[in-house]
Amino acid sequence: MTLSVDLTHRFAGFSLNVAFDAPPGVTVLFGRSGSGKTSVVNAVAGLFAPEQGRIVLDKTLLFDATSRVSVPVHRRRLGYIFQEGRLFPHLTVRQNLAYGRWFAPKEANHADLGQIVDLLGIGPLLDRRPGALSGGEKQRVAIGRALLSAPRMILADEPLAALDDARKAEILPYLERLRDVMQVPMLYVTHSAAEVARLATTVVVLEGGRVIRQGGAAEVLADPLVTPTGIRAVGAVLEARVKVHHADGLTELEAGNQSLFLPRVPQSPGSALRIRIPAQDVILARHRPDGLSALNILRGTVRHVRAGEGPGALVTLDTSAGPVLARVTRRSAQALGLVEGVEAWAIIKTVALAPTDIGGP
Amino acid sequence: MTLSVDLTHRFAGFSLNVAFDAPPGVTVLFGRSGSGKTSVVNAVAGLFAPEQGRIVLDKTLLFDATSRVSVPVHRRRLGYIFQEGRLFPHLTVRQNLAYGRWFAPKEANHADLGQIVDLLGIGPLLDRRPGALSGGEKQRVAIGRALLSAPRMILADEPLAALDDARKAEILPYLERLRDVMQVPMLYVTHSAAEVARLATTVVVLEGGRVIRQGGAAEVLADPLVTPTGIRAVGAVLEARVKVHHADGLTELEAGNQSLFLPRVPQSPGSALRIRIPAQDVILARHRPDGLSALNILRGTVRHVRAGEGPGALVTLDTSAGPVLARVTRRSAQALGLVEGVEAWAIIKTVALAPTDIGGP
Amino acid sequence: EGPTVFAASSLKTALDLIAEDYGAATGQTVTLSYAGTSALARQIQFGAPADLYISANAEWMDVLQEQALILPESRVDLLGNRLVLIGPAGAAPIDMAAPLPQGRIAMALVEAVPAGIYGKAALESLGLWDAAEPNVVQTDNVRAALALVALGEAQLGVVYASDAVAEPRVTVLAEFPADSHPPIVYPAAIVAPGKPEARAFLDHLAGPQARAVFDAQGFLPLTD
Amino acid sequence: MGWLSEQEWAAVALSLKVAFWAVALSLPLGIWVAHLLARRDFPGKQIVNGLVHLPLILPPVVTGYLLLLSFGTKGPIGALLEPLGIVFAFRWTGAALAAAIMAFPLMVRAIRLSIEAVDPKLEQAAATLGASRGWVFLTVTLPLTLPGIIAGAILAFAKAMGEFGATITFVSNIPGQTQTLPSAIYAFLQVPGGEASAMRLVIVSIVIAFAALIASEALARRASRRVGGA
Amino acid sequence: MGWLSEQEWAAVALSLKVAFWAVALSLPLGIWVAHLLARRDFPGKQIVNGLVHLPLILPPVVTGYLLLLSFGTKGPIGALLEPLGIVFAFRWTGAALAAAIMAFPLMVRAIRLSIEAVDPKLEQAAATLGASRGWVFLTVTLPLTLPGIIAGAILAFAKAMGEFGATITFVSNIPGQTQTLPSAIYAFLQVPGGEASAMRLVIVSIVIAFAALIASEALARRASRRVGGA
Ligand SMILES: Nc1ncnc2c1ncn2[C@@H]1O[C@H](COP(=O)(O)OP(=O)(O)OP(=O)(O)O)[C@@H](O)[C@H]1O
Ligand SMILES: Nc1ncnc2c1ncn2[C@@H]1O[C@H](COP(=O)(O)OP(=O)(O)OP(=O)(O)O)[C@@H](O)[C@H]1O
Ligand code: MOO
Ligand SMILES: [Mg+2]
Ligand SMILES: [Mg+2]
């Protein structure tokens, strides 16, 4: 399922001019506060009619300003997880969750209520009304409500912002499963580079109402020039394959012909994975280091060294597993003689490949 | 200014039983969604009267259930940044910001409107009403409104959750300045370990309505048993002192008698700093490593090795700068022979000491 | 400064004309306040600034007189009226000796409003009440009863002759014999303490010019 | 029973019946009109709004007279409805119609205010979950408007209990059929010394109205407690 | 001018004056009572609530009669106020009083509904910023209640323009002093052939009321646009 968006709108003091084509999978809208993310999502949902533009989902024309086509919101069947919850105050949590099911076509692929409730940890809340739920509880119910409406596509506006890391770590794999197993496409807004790396098929970077960059997750995150949410987001994404699960709880992956070790992942041997290596978690050495607690050491050739404004430099290392990025100090780069063409080793801490940074392709 | 909280309340299905004493500075309430953080803050603000309990701010008794004392909300003068914004829809952004100033005593220490507006980047929004602001814009105005009310104390409930990293990085130093220069105490709710490390004087960890741990930020974050928001929060906090600013943009710090290098920090030589070293960003070696891009290598002695449930282990290394924590795989721990008493080197990437993890003492 | 007159509403047309003439002749503005007889009487009980009261029945005037709110010597039965049975325009006259034809009979409230009270007494004395009662629809004033017949909603109505005159959509089918009901009188009296202008106007009302107007409106001037 | 005469009891019973049906039957229309005025823009909206308020502006007698003109047996609407067996003239149904029309502006305003207070964002959320306009209205707008509907109904009920001028003009006063409490009270007040009798009926009115008010407050409280939380 | 007699113009002017003052002077009290009923719990709340609704429940004549009893020159309150120079009996002020009392339940309900719709969380936020109860009310509750206040005022104005029964019973129907439009219409309807004259006045009433309605809608729209965003 592909989504094609092209829209122009002038608010007083802010103009939106966004066009992108999203292939199947998860498209992440990434950008600073006020860059227009929610406006784009609202236009796709049909809650906001831009002055100009055209929105097509698969073969369905959802909106076209010129021919004055606009499919009514309720026929679009897009499960929208709002930035601000929007639970129905007069219904219990259970009724909120069940609301969309009422209207979904009978033959739709329904998620299982019990499973979602367990996933979100909202079992004890089912008979309460939303009024006195905590911030995170509200957000979890809102996620469940959208997931249970059997949507053709999910629109998620910072769905995990109010949640703690542990809860995020529980929900993210489910979203991955939606993407991979149930093939539900998503338009996903987030400020979190970890979520981008983990979920995104495509990243669309917005700034001041315009698309400043669009591309695959690996590509966009590896681009040091695109750091809308801070330098910490830069990193490489490698494609890997599960090789074997070891008895000590580690999983061995193969990327290129190199081995990488990760805490046990659920995927069975042979399955493909994406792993993200934040540039700042990589240490470089000119000689193969020895006697380190880090298990993952990749050999490569320096492709280029880009000095930033501060004391840092970003080094791209071509390895057989793919390009790996490393942020080092200029001082170190000089001391080690890191220049284009030299051989170097990237040292990556096993446990730095944290679960939230791992996802299927 | 010290805050002493002791309260007991039974909601249907949830009971709150929280007591803690907070020294001057920033007290962070840390805990999973639904653990009772907002309820505690509401009780301090006077928006929720617990069945039992006593709340004292400095020498002022704010609330005492037994003697039926409850200072009215508006006399408490606590600047509350709510989890859900709560902007006044009928007032412009400017009027929202100015609201508290009206009621503040003339002699109060007023923050400067222009400065706050710049800090929060809400200049272009001043004449708009909050209705159509973006999620992050609302949140920023809410922060400004509380800061400008000249409060005796700030209550902040996940104030930065809706913001991008870049914006957070701009606001955090201001909060630090409030804490350090203007000496405004804060009760601060967050899910972010980085914010805890940076701001917290004291951390109170809640779970299921009870305090499960309380202590200094360094102490609590270094405790692997307290990981309410996931294992990634564990790390050591070291006290350091600025030694010299180098020409290549690095600042040299001294911790214990060891040198540490950081991208330039604003503090002048001689000033004290707190730096956080997340356990997962530390690599251990048995021999002094050489030819690495990492500039910060600390020598120490393994105090203990704690194996977790997964494939990981947490190693505490006593260095002259203080205890440093490292998360390594059990496999590495065995391979390197990391046991109590052996000598080891901690390799810390310079740039891993990111700005949001640095704060004054 | 002319007198303020509190008068039963049904006198409006006649009194408006008379007051206009009177004003033209004497230069005095007569202020006329029209409302239901009972409302006016109560207002006088509570100190209304009325100089002259013209009631549509004797009872309310009696009440005021007992409470010494009017000057008893000024009280006159100013006007009389006749009670008539009406039907839609063009309907054939009716013989009161025979039973009334079927159809709704519009009357003012038969226990409360003078025209209704008189009407009921008249029908009773003619032996027609028991048959008529189920068909009686009662209104809060005579004019509303008249309107029901004029609009064709009721086939018969019991109203004052003075009401029937000016309504072209109704005809008088029969006149009730004067002895079939208590005499219909509109007593008038000066409200205490008594204002000279009120006496002058009361005298004018009893005079020939006013009588002519009342006559034309279907009232029976009683004062001689 | 001895306190009120049989005919007075009949007036009490009739008033209750009239007020009940006046409210019950006009409520759906009131909700519809309120929704129209609150949430739609259409040409002639101000005319509809004005018409709704008309019974408030006009003296009741005029309203009653206009009702008689249009809904009487000889009136155009009355003549149209009669073959269908719907008769208002001189029936208690007419009293109910008059009461409903007089109470309509109060009912509509209360409901409209409540509809306007419903957050459109919740309605949008319902639409994204697949609910069509009609379902959004039924499952979100309407339940959230409940306090206003209750308020509107009780206002209308009170007004219907007290309505007199339009009722007596339209359906007159036929004991047992169209004699409501206010007509009976009016009659007593017309004759000297009738005040005491009138007061008995006034007290009955007040008792009924207080009971209805208290019930409605309890209902509204429950409705908003459900929305508020806990 | 030829279309209406001088006396009729006087009635129009008087009705406007009466309705304006009835609304203007009762509005603060209406807001206060609405706030009390919406946000406070106190013993006797149901009694207050009932009293507010009383003029709706009672036939207007009864209300007028009770006003006469209490505010007449011989009534206890009237006697009390007279030395202070405040006289209601048979003055236009009395007509305003009657209109205000008859319109009061409508005004209070509309405002109350709007107050109940204000999110208490905003009021709490204002309190944390240092606003005392009174200031919270003035700076947050009141502005957010504006649409309801406008609705309440226009309902009350319409009712005041149409009020008849209580007014004529309380202050009579003295041209130039207490003769309002409805009283004048009523008087015309009492005499044969008066319908045409009555209709002219009815049209005047309607025109005034429509103008007031349209103005109030525009005001309310502006008030809620301000709240809604943009
Ligand atoms: N009035 C109430 N009735 C019943 N339960 C309540 C009430 N108020 C709060 N609770 C429950 O108390 C618990 C703590 O709520 P609180 O809002 O303090 O959580 P929190 O720690 O702030 O969570 P979050 O991070 O999700 O905002 C929640 O489970 C909540 O549902
Ligand atoms: N109706 C409107 N009138 C004027 N400006 C508007 C309107 N709606 C949105 N905007 C502005 O458009 C910009 C983009 O808003 P949007 O909600 O899409 O931002 P966002 O990227 O979702 O931000 P955040 O991360 O803070 O939620 C903001 O500056 C907002 O103030
Ligand atoms: O003139 Mo009357 O008092 O309405 O019958
Ligand atoms: Mg947004
Ligand atoms: Mg919370």
Side-chain angles (χ1 to χ4, degrees), chain D residues 37 45-47 49-50 53-63 65-66 103 105-106 109-110 112-114 116-118 120 147-148 151-152 154-155 157-159 161-165 169 180-183 185-186 189 195 198-199 201-202 205-206 208-210 212-214 217 220 224 228, chain E residues 37 45-47 49-50 53-63 65-66 103 105-106 109-114 116-118 120 147-148 151-152 154-155 157-159 161-165 169 181-183 185-186 189 195 198-199 201-202 205-206 208-210 212-214 217 220 224 228:
Chain D
L37 293 174
K45 177 169 170 172
Q46 286 312 320
I47 308 276
N49 194 23
H53 283 80
L54 217 51
L56 210 56
I57 299 150
L58 298 178
V61 201
V62 173
T63 307
Y65 187 70
L66 295 175
L106 318 187
R109 251 317 164 168
R112 177 177 170 184
L113 275 171
S114 272
E116 282 168 344
V118 171
I154 191 67
L155 270 183
F157 183 84
K159 175 72 198 168
M161 288 293 297
E163 214 305 299
F164 162 66
T169 309
T180 58
L181 265 177
S183 307
I185 293 171
Y186 178 81
L189 283 179
E195 289 89 349
M199 275 311 137
L201 295 183
V202 163
S205 289
I206 294 178
I208 292 173
F210 266 68
L213 263 179
I214 290 174
E217 293 286 327
S224 61
Chain E
L37 292 175
K45 177 169 170 172
Q46 285 313 320
I47 308 277
N49 193 25
H53 282 82
L54 216 50
L56 210 57
I57 298 150
L58 297 178
V61 199
V62 173
T63 307
Y65 177 62
L66 294 176
L106 317 187
R109 249 320 161 166
I111 300 175
R112 177 177 169 183
L113 275 171
S114 272
E116 282 168 343
V118 172
I154 190 67
L155 269 183
F157 184 83
K159 175 72 198 169
M161 287 294 298
E163 213 306 299
F164 159 65
T169 310
L181 265 177
S183 309
I185 293 171
Y186 176 80
L189 284 178
E195 287 90 349
M199 274 310 136
L201 295 182
V202 163
S205 289
I206 294 178
I208 293 174
F210 266 68
L213 262 180
I214 289 173
E217 293 286 327
S224 61

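In what follows, chains carry the letters A, B, and so on, assigned in the order in which the sequence lines appear, proteins first and then strands, with residues in each chain numbered from 1.
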(request) Check whether D/L181 gets within reach of chain E through its side chain, its backbone, both or neither, counting any heavy atom under 4.5 Å. (result) neither
(request) Pick one of side chain, backbone, both or neither for D/S205, based on which atoms fall under 4.5 Å of a heavy atom in chain E. (result) both
(request) Check side-chain hydrogen bond (donor to acceptor under 3.5 Å, both in side chains) between E/S183 and all other residues, then give those that pass, not counting sequence neighbours. (result) E/T180
(request) Mind checking the NZ-NZ spacing from E/K159 to D/K159? Nearest 0.5 Å is all I need. (result) 4.0 Å
(message) Please classify the contact between D/I214 and chain E as side chain, backbone, both or neither, with a heavy-atom cut-off of under 4.5 Å.
(response) both
(request) For chain D, find which of E/P182, E/S114, E/A212 contributes the most heavy-atom pairs closer than 4.5 angstrom. (result) E/P182
(message) Quick check: closest heavy atoms across E/L155 and D/L56, and the distance to 0.1 Å?
(response) CD2-CD2, 3.5 Å
(message) Less than 4.5 Å to any heavy atom of chain E: does that hold for the side chain of D/L189, its backbone, both, or neither?
(response) side chain
(request) Measure across D/L113 and E/G148 and return the closest heavy-atom pair with its distance rounded to 0.1 Å. (result) CD2-CA, 3.8 Å
(message) Can you tell me which of D/G162, D/A209, D/G165 forms the most heavy-atom pairs within a distance under 4.5 Å of chain E?
(response) D/G162
(message) Using heavy-atom distances under 4.5 Å, tell me whether E/E116 contacts chain D through its side chain, its backbone, both, or neither.
(response) neither
(request) Taking salt bridge (charged side-chain N to carboxylate O under 4.0 Å, His left out) as the test, write out the residues that go with D/E217, two or more places apart. (result) E/R109, E/R112
(message) Tell me which of these, E/L37, E/L106, E/V118, has more heavy-atom pairs under 4.5 Å with chain D than the rest.
(response) E/L106
(request) Please flag which part of E/L54 lies under 4.5 Å from any non-hydrogen atom of chain D: side chain, backbone, both or neither. (result) side chain
(request) Could you tell me which portion of E/I57 (side chain, backbone, both or neither) has an atom closer than 4.5 angstrom to a non-hydrogen atom of chain D? (result) both
(request) Name the option with the most non-hydrogen atom pairs under 4.5 Å to chain D; the candidates are E/F157, E/F164, E/F210. (result) E/F210
(request) Heavy-atom distances under 4.5 Å only: say whether E/I154 touches chain D with side chain, backbone, both or neither. (result) side chain
(message) Please classify the contact of D/L58 with chain E as side chain, backbone, both or neither, using a heavy-atom distance under 4.5 Å.
(response) both
